[in-house]
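All values below were derived from every heavy atom in this structure, side-chain atoms included, with hydrogens, water molecules and symmetry-related copies excluded. A quick note: this is a predicted structure, and the numbers were derived from the prediction, not measured. Reminder, nothing fancy here: chain letters follow the sequence lines and each chain counts from 1.
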Amino acid sequence: MAKQIGIQAAIADLKKHTLPRLPGDIARLVYLASTRDYNTGKYYHEGLSHIYTQEFAARALQECHKDVFQSLVRSPIEDLLVQFELYVGSGCAQADEFIDFWEKAEPYRVAIPLASDPLSAQLFNSNVKIALAILRHRENNPRNSSPAALLQP
Amino acid sequence: MRLSNKDSSPVIPALFSIVIGVLLLGFLTHWALRGSSSVPVAGASPAATSKALRLELPSADLIERLLDPRDLAFVRKESPAETVRLFEQERRALAISWLRHTRRQVGRLMSYHVGAVRQNINLRPALEIQLGLYYVRFLVLYELILALSYIRGPYQIRLMMGYVVGVTTQLRGVSDKLLGAAQFSTPASAPPPTQ
């Protein structure tokens, strides 16, 4: 019982303080995936572990990672595209560099939570591939850009 | 020394019968071996039985999301023809992948029942017949959808995918009932005695 309360508190903390600062669900997914160790698959967050325990922090990160991923998988491609435009617009990279790298290296594949079912993972990969193709098309034909893209700096 | 047509006529049907016989024997042997190797044994631990019987299916709303026509409309509106083609190919591949996954799961369930009947577990005939009927309905739908997805594209099979979800849910319901019956018929899984 105390364990559940601890995990829930850590999740609430993450959702209140850390995740809202990130621009959209793609940024949140990338951030949460980056807290996962590439070798062991375990999640680490120093600040959160300091307040709660390492175990609670890891579970909270894992749960939030799963939630953000599920939200993206269940988004229509149109909404996914808005998330990508927010992410690119936040200044993480130049749009063409970002599209090039994401199309070639496919880093989104390692951003998928471990416990995801295969169909969700396949659907996510497929939707990202299509969203990137549309982004590329918009990049080459600026008149097709959505209002969300035009608002970005 | 050439054989006339009249001489060779009884040889050909005999050879044909032998070939058919050998093929039939091979098929039966393959079927019998496959059935006995992939089936979990009766009297195995309840956890193993449960794992063997439960259909692990992706949720129905994920299938709806996969074949949501809004995505197709958006992609058609926003992208060139090659992206639309890529999108349709991806959707078809995903729909087929889901169908095959479901087929494998249902196949495992039926294998369990074949094995269980062979080992004389106390099964309920009415539920067995119900399961058999759902299985036949599932197989017909599966083959039909598979063919249609190649011929008419993934978005034409959307409604039928809903039927598959319905039938597999019914299959799961029957299998859960049978699982209860199978578990309570084995001493290892009987409920603990009350004090």
Take atom CD of A:Glu103 as the centre, draw a 6.0 Å sphere, and report whether it contains more than 12 heavy atoms from other residues, nucleotides or ligands.
yes
Of A:Leu80, A:Leu123, A:Leu81, the largest count of non-hydrogen pairs under 4.5 angstrom with chain B goes to A:Leu123
Any non-hydrogen side-chain atom of [X] less than 4.5 Å from a side-chain atom of [Y]?
{"X": "B:Leu144", "Y": "B:Met160", "result": "yes"}
{"X": "A:Leu22", "Y": "A:Leu19", "result": "yes"}
{"X": "B:Val164", "Y": "B:Ile63", "result": "no"}
{"X": "B:Val165", "Y": "B:Met161", "result": "no"}
{"X": "B:Asp71", "Y": "B:Tyr155", "result": "yes"}

Can you tell which of B:Arg65, B:Glu90, B:Glu82, B:Glu64 has the highest number of heavy-atom pairs within less than 4.5 Å of chain A?
B:Arg65
Answer yes or no: is there an ion pair linking A:Asp100 with A:Arg136, defined by an N-O contact shorter than 4.0 Å?
yes
Parallel, tilted or perpendicular, judged at 30° and 60°: which one describes the rings of A:Phe98 and A:Trp102?
tilted
Heavy-atom contacts under 4.5 Å, residues 51-75 of chain A to chain B:
A:Val73, A:Arg74, A:Ser75
Heavy-atom contact with chain A under 4.5 Å, split by part of B:Phe87
both
Please flag which part of B:Ser97 lies under 4.5 Å from any non-hydrogen atom of chain A: side chain, backbone, both or neither.
side chain
